[in-house]
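See below for the structure under consideration.
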Amino acid sequence: MAEDEALVSVDYEVSGKVQGVFFRKYTQGEAKRLGLVGWVQNTSHGTVQGQIQGPSARVRELQEWLRKTGSPQSRISRAEFSNEKKIKALEHKDFQILK
């Protein structure tokens with residue numbers, strides 16, 4: 001399997017003006033467009049966090065989107081990624097917004 005297609009899982013947390021600006025909805029839409037699975041949720045300290053899983057190249061695309069684009073009204077100050085690992089199979093069925 002090519003490195004771009006190897007399945008990976010990565011956790012993320014995005015800081016800035018990311019709550020109350022439809023960030024979770026847009027993240028879900030972008031993830032689904034890219035064929036990725038995982039989840040996104042608001043945190044009690046004003047950030048958005050979640051997990052992305054899918055082919056490495058597609059995960060990189062969503063990471064870049066989380067770093068630079070976000071929802072139209074969001075203002076991203078920082079996007080942090082952690083716990084990146086290769087996985088044998090996807091652990092989620094789709095990309096969900098968690099409450």
Side-chain angles (χ1 to χ4, degrees):
M1 188 181 320
E3 195 64 27
D4 288 6
E5 295 173 18
L7 295 178
V8 297
S9 175
V10 66
D11 297 340
Y12 63 90
E13 185 167 13
V14 183
S15 305
K17 184 183 174 192
V18 293
Q19 289 191 6
V21 291
F22 300 101
F23 197 91
R24 292 176 301 164
K25 180 178 169 48
Y26 277 86
T27 300
Q28 181 187 49
E30 188 66 9
K32 287 185 172 189
R33 186 186 73 76
L34 291 168
L36 300 171
V37 300
W39 54 273
V40 60
Q41 72 180 150
N42 285 338
T43 68
S44 59
H45 51 276
T47 65
V48 170
Q49 70 180 7
Q51 186 175 75
I52 315 163
Q53 293 184 346
S56 178
R58 295 294 178 100
V59 168
R60 298 275 168 269
E61 283 186 60
L62 187 58
Q63 285 178 299
E64 195 64 12
W65 185 89
L66 288 167
R67 241 185 233 112
K68 297 187 174 162
T69 308
S71 65
Q73 296 180 340
S74 67
R75 296 289 173 267
I76 300 163
S77 61
R78 188 170 74 240
E80 295 180 28
F81 301 95
S82 60
N83 301 322
E84 183 167 338
K85 61 187 180 211
K86 289 184 180 178
I87 54 174
K88 292 193 184 324
L90 299 174
E91 298 164 352
H92 306 282
K93 287 186 171 64
D94 56 13
F95 199 94
Q96 296 186 327
I97 295 173
L98 303 182
K99 299 292 181 207

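- Side chains of V21 and Y26 form no contact here, defined as non-hydrogen atoms less than 4.5 Å apart.
- No more than 12 heavy atoms of other residues, nucleotides or ligands lie within 6.0 Å of CZ in F22, so this atom counts as exposed by the packing criterion.
- Transitive grouping of hydrophobic side chains (ILVMFWY, heavy atoms separated by less than 4.5 Å) brings V37 and I87 into a common cluster.
- With sequence neighbours left out, Q19 forms a side chain to side chain contact (heavy atoms under 4.5 Å, CB included) with N42, T43, V48.
- Contact check for L62 versus E30: side-chain heavy atoms found under the 4.5 Å cut-off.
- Between V10 and S82, the shortest heavy-atom distance links the atoms CG2-O, 3.5 Å.
- For the atom pair CD of Q51 and CG of L36, the computed distance is 11.5 Å after rounding to the nearest 0.5 Å.
- Rounding to the nearest 0.5 angstrom, the gap separating the CH2 atom in W65 from the CG atom in L34 is 10.0 Å.
- We find the CD-CZ distance between Q41 and R24 to be 8.5 Å, quoted to the nearest 0.5 Å.
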Would you please test T47 and Y12 for side chain to side chain contact (heavy atoms under 4.5 Å, CB included) and show each step? CA-CA 10 Å; T47 65; Y12 63 90; over 6 Å; no
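- K68 and E64 get closest at one heavy-atom pair: NZ-OE2, 2.7 Å.
- Using modelled atom types, one side-chain atom of S77 and one backbone atom of S15 make a donor-acceptor pair closer than 3.5 Å.
- Taking the salt bridge (Lys or Arg N to Asp or Glu O under 4.0 Å) definition, one finds that R58 meets it with E61, sequence neighbours left out.
- Expressed to the nearest 0.5 Å, how far CH2 of W39 lies from CD of Q49 amounts to 4.5 Å.
- Taking R60 as the reference, E84 meet the salt bridge (Lys or Arg N to Asp or Glu O under 4.0 Å) condition, with sequence neighbours excluded.
- For the atom pair CD (Q96) and NZ (K32), the distance works out to 8.5 Å, reported to the nearest 0.5 Å.
- Between P55 and L7, the closest side-chain pair of non-hydrogen atoms falls below 4.5 Å.
- For the pair T27/S71, no side-chain contact is recorded, criterion being any heavy-atom separation below 4.5 Å from C-beta on.
- Between the side chain of Q28 and the backbone N or O of F95 there is at least one donor-acceptor pair closer than 3.5 Å.
- One hydrophobic cluster, built from ILVMFWY side chains closer than 4.5 Å, holds both I97 and F23.
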